[in-house]
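Below is one structure, written out as structure tokens, with a few remarks after it.
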Amino acid sequence: MKILTALFALFIILVIVLADIDRLGVLEVLYRFPYGDKVGHFILYGILTLLVNLTALRSSRFSDPKRAALTWTLVLALLVAAEEFSQRYFANRTFSLSDLAFGYAGMSLGMWLAWKIDRKRM
């Protein structure tokens, strides 16, 4: 699980860097249909949150898994917000509160799923 989580995090970092330098390539297709970038934020950040939380919850036992999942999700939320706000400094990127909201919605779902999956494992 740790390797999958690390690889997915690196994939998202790569997507961010490619977007920052305006070299998204085939991923540009997301911008061609309405709300495609919103769907991308929801799915990518949701999967990342799910993987990070599952990795954390399986790596050690927490007395309160809900609190652990919330803590990891809040850490990710801060990083996602910093990345979204950083887009103000790139000419080809645009800061969007709706992108941030869709990312947070995906993260909320990912956190909830991780907690549910971990709870079944107990």
Side-chain angles (χ1 to χ4, degrees):
M1 182 62 68
K2 290 178 187 178
I3 293 172
L4 178 61
T5 303
L7 289 174
F8 195 77
L10 287 174
F11 169 72
I12 288 182
I13 291 169
L14 177 65
V15 168
I16 291 168
V17 169
L18 290 174
D20 287 346
I21 62 173
D22 201 19
R23 301 275 188 254
L24 272 178
V26 297
L27 293 176
E28 289 257 346
V29 74
L30 288 175
Y31 292 97
R32 292 193 183 134
F33 64 91
Y35 305 107
D37 62 328
K38 311 297 186 246
V39 172
H41 279 85
F42 182 86
I43 291 172
L44 290 177
Y45 287 133
I47 292 171
L48 178 64
T49 303
L50 172 66
L51 292 174
V52 166
N53 277 300
L54 286 177
T55 299
L57 292 170
R58 291 178 179 178
S59 295
S60 61
R61 288 285 55 167
F62 293 94
S63 60
D64 185 359
K66 277 187 178 178
R67 184 174 180 173
L70 181 60
T71 300
W72 281 104
T73 301
L74 288 175
V75 168
L76 286 174
L78 288 173
L79 293 172
V80 167
E83 191 282 323
E84 189 66 36
F85 280 101
S86 77
Q87 292 180 20
R88 297 174 142 185
Y89 302 104
F90 293 92
N92 58 317
R93 306 287 311 270
T94 53
F95 166 76
S96 168
L97 279 176
S98 62
D99 284 353
L100 192 58
F102 274 86
Y104 283 171
M107 293 171 70
S108 297
L109 177 62
M111 176 185 68
W112 179 80
L113 287 172
W115 183 76
K116 285 292 189 184
I117 291 168
D118 185 68
R119 193 169 141 187
K120 285 182 181 179
R121 199 174 64 93
M122 293 164 89

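What you are looking at is a predicted structure, and each value in this text was computed from that prediction instead of being measured.
Among residues two or more places apart in sequence or in another chain, the side-chain hydrogen bond (donor to acceptor under 3.5 Å, both in side chains) test is passed with T73 by N53. Taking the side chain to side chain contact (heavy atoms under 4.5 Å, CB included) definition, one finds that L97 meets it with F95, L100, sequence neighbours left out. Considering only residues two or more places apart in sequence or on other chains, E83 meets the salt bridge (charged side-chain N to carboxylate O under 4.0 Å, His left out) condition with R93. In this structure, the side chain to side chain contact (heavy atoms under 4.5 Å, CB included) partners of S98, at least two apart in sequence or on a different chain, are K38, S96.
Note: the hydrophobic cluster containing V39 also contains I16 (ILVMFWY, side chain heavy atoms under 4.5 Å, direct or indirect links). In terms of hydrophobic clustering, with Ile, Leu, Val, Met, Phe, Trp and Tyr side chains grouped at heavy-atom distances under 4.5 Å, M111 and I12 are assigned to different clusters. I13 and V80 are assigned to two separate hydrophobic clusters, defined by single-linkage of ILVMFWY side chains at heavy-atom distances under 4.5 Å. I47 is connected to L57 through a chain of hydrophobic side-chain contacts under 4.5 Å among Ile, Leu, Val, Met, Phe, Trp and Tyr, so both are in one cluster. Under the 4.5 Å side-chain contact rule for hydrophobic residues, Y45 and L18 share a cluster.
Between F11 and L44, some side-chain heavy-atom pair lies under the 4.5 Å cut-off. Side chains of V75 and V52 form no contact here, defined as non-hydrogen atoms less than 4.5 Å apart.
Atom CZ of residue F8 and atom CG of residue L50 lie 9.5 Å apart, to the nearest 0.5 angstrom. With values rounded to the nearest 0.5 angstrom, L70 atom CG is found 9.0 Å from R67 atom CZ. Considering CG of L14 and CG of L24, their distance stands at 9.0 Å, rounded to 0.5 Å.
Applying the 6.0 Å contact sphere to CZ of R23 captures no more than 12 heavy atoms from other residues, nucleotides or ligands. The 12-atom threshold is not exceeded at CD1 of I3, counting heavy atoms of other residues, nucleotides or ligands nearer than 6.0 Å.
Residue pairs meeting the salt bridge (Lys or Arg N to Asp or Glu O under 4.0 Å) criterion with at least one member in residues 2-19, sequence neighbours excluded, do not occur. Sorted by first and then second residue, the side-chain hydrogen bond (donor to acceptor under 3.5 Å, both in side chains) pairs involving residues 105-115 (not counting sequence neighbours) form an empty list.
Looking at every heavy atom in both residues, I21 comes nearest to N92 through C-ND2, 4.0 Å. The minimum heavy-atom distance between W72 and A56, with the atom names listed, is NE1-CB, 3.2 Å.
At least one donor-acceptor pair closer than 3.5 Å links the side chain of Y104 to the backbone N or O of A77. In this structure, D118 contributes its side chain and L54 its backbone to no donor-acceptor pair below 3.5 Å. The backbone N or O of L51 sits less than 3.5 Å from a side-chain atom of T5, completing a donor-acceptor pair.
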